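Sequential numbering from 1 along the given sequence is applied to the chain's residues. What you see is a predicted model, and the numbers here were worked out from it, not measured in a lab.
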Amino acid sequence: MSKLDDLIKELCPDGVEYKELKEVLVIKNGSDYKKYGKGDVPVYGSGGIMTYIDKYVYEKPTVLIPRKGSLDKLYYLETPFWNVDTIYYTIINTNVALPKYVYHCLLREHLEKLNTAGGVPSLTQTVLNRVKIPVPPPEIQREIVHILDNFTALTAELTAELTARKQQYEYYRDSLLSFGENQVEWVKIESICSIQRGRVMSKEYIAENKGSYPVYSSQTENNGELGSISSFDFDGEYLTWTTDGANAGTVFYRDGKFSVTNVCGILEVKPDVLLTKYLYYALSIEASKYVNNGMGNPKLMSNVMARIKIPFPSLKKQQEIVTILDQFNELTNDIIFGLPAEISARQQQYEYYRDKLLTFKEK
């Protein structure tokens, strides 16, 4: 980074001016898109792309800043877009700052910390306009963007590779489990499994009863593990699934001693009828089709799970499918689980250099 050091010594040896956002850009509200037709222009909300229409609101480089919801998700765009009222777009004064430089600066500010609401997280224009960022000469901004973009490009490549590997696995899984209605019998879950629900366990309860047996809940991180306690409710091969919330319908294979919370359901396969691991692979495809997304809280409750049908080949065929998919998992797990760790490391590296490069002595 000697080039950047040389530029700083040459162009701003005495420090850099810090400006409030209102001196750098204009924040604009979003609006409804429903009166426009289908097209190829992305419509952004605070959670990302919602749909595509045939009208755009702005087409120059900009930073989208969430107004409500996921305040930690900023978007840098250089192509035409539309935005709804849960996210702002910005008209950046390019005589003052490069749009991509502003993007990196705002990521560093962690705007989610400026939440002004007690319920749904919110950011107001008044609060945002007071945020200060360093504004060095354009040559320095350009070099910082160049350095930081190299980090984000590598992260993007790793993320694309992870997505490709997951899609490859899902393709083979779906191919192996594709049966026509007349090829094999299709059976309801209630006819081949006993169905239970987890029990209420607060974080306080888990902390007070700390032990070595895992407690699983609704999150997908860490295989759904919430903590561990000194007792267990189940011992053996089971499937659990998330009944409520954003991850509703997610299915997990469990083998051992464990407990689950009340936002999870438990399936125990009837002996000598079905392989638990086969059921896991089959439900990984079928369960998500039955999630009810109404009323804002996705659900897959026990009564619905009971009626889901899965293909029911012979035990020999089930074992063949399980063997192939288990082997495929073994071959790809190092990549699938290694890539997130690598992506995390690269993200930490980016954040370290971003924070370091965007720290200036104030003039």
Subject >> Steps toward side chain to side chain contact (heavy atoms under 4.5 Å, CB included) verdict (Leu25, Asn93) >> reply: CA-CA 6 Å; Leu25 53 81; Asn93 184 348; over 6 Å; no

Original post:
Out of curiosity, Ile343 CD1 to Leu158 CG, how far, rounded to the nearest 0.5 Å?
Top reply: 5.5 Å

Original post:
Got a second to check how far Leu4's CG is from Ile140's CD1, nearest 0.5 Å?
Top reply: 6.5 Å

Original post:
According to a 4.5 Å side-chain heavy-atom criterion applied to Ile, Leu, Val, Met, Phe, Trp and Tyr, with indirect links allowed, do Val102 and Ile91 form part of one hydrophobic cluster?
Top reply: no

Original post:
Which heavy-atom pair separates Glu190 from Ile195 by the least distance, and what is that distance?
Top reply: CA-CD1, 4.5 Å

**OP:** Answer with yes or no whether the hydrophobic clustering places Tyr171 together with Leu325; edges join I, L, V, M, F, W, Y residues whose side-chain heavy atoms lie under 4.5 Å apart.
**Re:** yes

**OP:** Examine Tyr350 together with His104 and report whether their ring centres are nearer than 6.0 Å.
**Re:** yes

**OP:** List the steps, then state whether side chain to side chain contact (heavy atoms under 4.5 Å, CB included) holds for Ser217 with Val263.
**Re:** CA-CA 6 Å; Ser217 192; Val263 292; 3.5 Å; yes

Original post:
Under a 4.5 Å cut-off applied to non-hydrogen side-chain atoms, are Asn223 and Arg254 in contact?
Top reply: yes

Original post:
Under a 4.5 Å cut-off applied to non-hydrogen side-chain atoms, are Ser259 and Met201 in contact?
Top reply: yes

**OP:** Examine Leu315 and Val187 and state if one hydrophobic cluster contains both, with Ile, Leu, Val, Met, Phe, Trp and Tyr joined whenever side-chain heavy atoms are less than 4.5 Å apart.
**Re:** yes

Original post:
Looking only at atom types and distance, does a side-chain atom of Glu157 sit under 3.5 Å from a main-chain N or O of Thr152, one as donor and one as acceptor?
Top reply: no

Original post:
Is the shortest heavy-atom distance from the side chain of Thr51 to the side chain of Lys38 under 4.5 Å?
Top reply: yes

Subject >> side chain to side chain contact (heavy atoms under 4.5 Å, CB included) between Arg199 and Asn262, intermediate numbers included >> reply: CA-CA 4 Å; Arg199 62 186 173 96; Asn262 63 312; 5.7 Å; no

Original post:
Within a strict 4.5 Å, meaning less than it, do heavy atoms of the Lys363 and Val16 side chains meet?
Top reply: no

Original post:
Given Glu139 and Arg142, is the salt bridge (Lys or Arg N to Asp or Glu O under 4.0 Å) satisfied, shown in steps?
Top reply: CA-CA 5 Å; Glu139 296 89 342; Arg142 196 169 292 111; 5.7 Å; no

Original post:
Should Tyr169 and Asp174 be marked as a side chain to side chain donor-acceptor pair (under 3.5 Å) after you check the CA-CA gap, both sets of side-chain angles, and the distance that decides it?
Top reply: CA-CA 9 Å; Tyr169 161 74; Asp174 295 0; over 6 Å; no

Original post:
Going hydrophobic residue to hydrophobic residue with side-chain gaps under 4.5 angstrom, can you get from Ile321 over to Leu239?
Top reply: yes

Original post:
To the nearest 0.5 Å, how far apart are CD1 in Ile192 and NZ in Lys309?
Top reply: 12.0 Å

Subject >> Tyr18, OH: over 12 other non-hydrogen atoms inside 6.0 angstrom >> reply: yes

Subject >> Salt-bridge contact Lys19-Glu17 (side-chain N to carboxylate O under 4.0 Å) >> reply: yes

Original post:
Can you name the one residue among Thr250, Leu267, Leu283 that meets side-chain contact (heavy atoms from CB on, under 4.5 Å) with Trp241?
Top reply: Leu267

**OP:** Please confirm whether Trp82 and Tyr36 have ring centers closer than 6.0 angstrom.
**Re:** yes

Subject >> Contact check, side chains of Arg130 and Thr126, non-hydrogen atoms, under 4.5 Å >> reply: yes

**OP:** For the pair Tyr238 and Phe258, name the ring-plane relationship: parallel under 30°, tilted 30 to 60°, perpendicular over 60°.
**Re:** perpendicular

**OP:** Assess whether atom CG of Asp40 is packed by more than 12 heavy atoms of other residues, nucleotides or ligands within 6.0 Å.
**Re:** no

**OP:** Please step through salt bridge (Lys or Arg N to Asp or Glu O under 4.0 Å) for the pair Glu143 and Lys3, ending with a clear verdict.
**Re:** CA-CA 8 Å; Glu143 181 61 18; Lys3 180 180 179 181; 3.6 Å; yes

**OP:** Might you confirm whether atom NZ of Lys28 has over 12 heavy atoms from other residues, nucleotides or ligands at distances under 6.0 Å?
**Re:** no

Original post:
Using 30° and 60° as the class limits, which term best fits the ring planes of Tyr76 and Tyr103: parallel, tilted or perpendicular?
Top reply: tilted

Subject >> Separation of Glu351 CD from Leu107 CG (nearest 0.5 Å) >> reply: 8.5 Å

**OP:** Give a yes or no on whether the backbone of Thr62 and the side-chain of Thr90 come within a donor-acceptor separation of less than 3.5 Å.
**Re:** no

Original post:
Under 4.5 Å between any side-chain heavy atoms of Leu300 and Asn292, yes or no?
Top reply: no

**OP:** Evaluate salt bridge (Lys or Arg N to Asp or Glu O under 4.0 Å) for Asp149 paired with Arg354, printing each intermediate quantity in order.
**Re:** CA-CA 10 Å; Asp149 277 359; Arg354 179 195 67 200; over 6 Å; no

Original post:
Is it true that Tyr89 and Phe81 have ring centroids separated by less than 6.0 Å?
Top reply: yes

Original post:
Does Thr86 reach the main-chain N or O of Ser46 with its side chain, forming a donor-acceptor pair under 3.5 Å?
Top reply: yes

**OP:** Would you check if Thr243 and Met305 make a side-chain contact, meaning some heavy-atom pair closer than 4.5 Å?
**Re:** no

Subject >> Heavy-atom side-chain proximity of Pro61 to Leu77 below 4.5 angstrom >> reply: no

Subject >> Main-chain N/O of Asp85 paired to Arg67 side chain as donor or acceptor, under 3.5 Å >> reply: yes

Original post:
Do side-chain atoms of Gln318 reach the backbone of Leu275 as a donor and acceptor pair under 3.5 angstrom?
Top reply: yes

Subject >> Backbone N/O of Gly211 and side chain of Ser228: donor-acceptor pair under 3.5 Å >> reply: yes

**OP:** State, without any angle test, whether Gln319 and Thr323 hold a side-chain donor-acceptor pair at a distance under 3.5 Å.
**Re:** yes

Original post:
Donor-acceptor pair, Glu362 side chain versus Gly15 backbone, under 3.5 Å?
Top reply: no

Original post:
In Å and rounded to the nearest 0.5 Å, what is the CG to CZ distance from Asp255 to Phe234?
Top reply: 14.5 Å

Original post:
Donor-acceptor pair, Asp54 side chain versus Gly37 backbone, under 3.5 Å?
Top reply: yes

**OP:** Please check if the distance between the ring centroids of Phe252 and Tyr216 is under 6.0 Å.
**Re:** no

Original post:
Does the ring of Tyr253 carry Lys277 above it, NZ/CZ under 6.0 angstrom from centre and within 45° of its axis?
Top reply: yes

**OP:** Verify side chain to side chain contact (heavy atoms under 4.5 Å, CB included) between Val63 and Leu106, making sure each step is shown before the conclusion.
**Re:** CA-CA 9 Å; Val63 180; Leu106 292 181; 4.1 Å; yes

Original post:
What's the shortest heavy-atom distance between Ala287 and Ile308, and which atoms?
Top reply: CA-CD1, 4.1 Å

Original post:
CG of Asn247 to OG of Ser288: how many Å apart, nearest 0.5 Å?
Top reply: 12.5 Å

Subject >> Exam field: side chain Asn83 to backbone Tyr44, donor-acceptor pair closer than 3.5 Å >> reply: no

Original post:
Should Arg197 and Asp244 count as an ion pair when the cut-off is N to O under 4.0 Å?
Top reply: yes

**OP:** Taking all heavy atoms of Tyr278 and all of Pro313, pick out the closest pair and write down the distance.
**Re:** OH-CD, 3.1 Å

Subject >> Main-chain N/O of Ser122 paired to Asn115 side chain as donor or acceptor, under 3.5 Å >> reply: yes

Original post:
Taking a hydrophobic cluster as the set of Ile, Leu, Val, Met, Phe, Trp and Tyr residues connected by side-chain heavy atoms closer than 4.5 Å, whether directly or through intermediates, do Met301 and Val251 fall within one such cluster?
Top reply: no

**OP:** Over all heavy atoms of both residues, which pair between Tyr75 and Gly48 is shortest? Give the atoms and the distance, please.
**Re:** OH-N, 3.1 Å

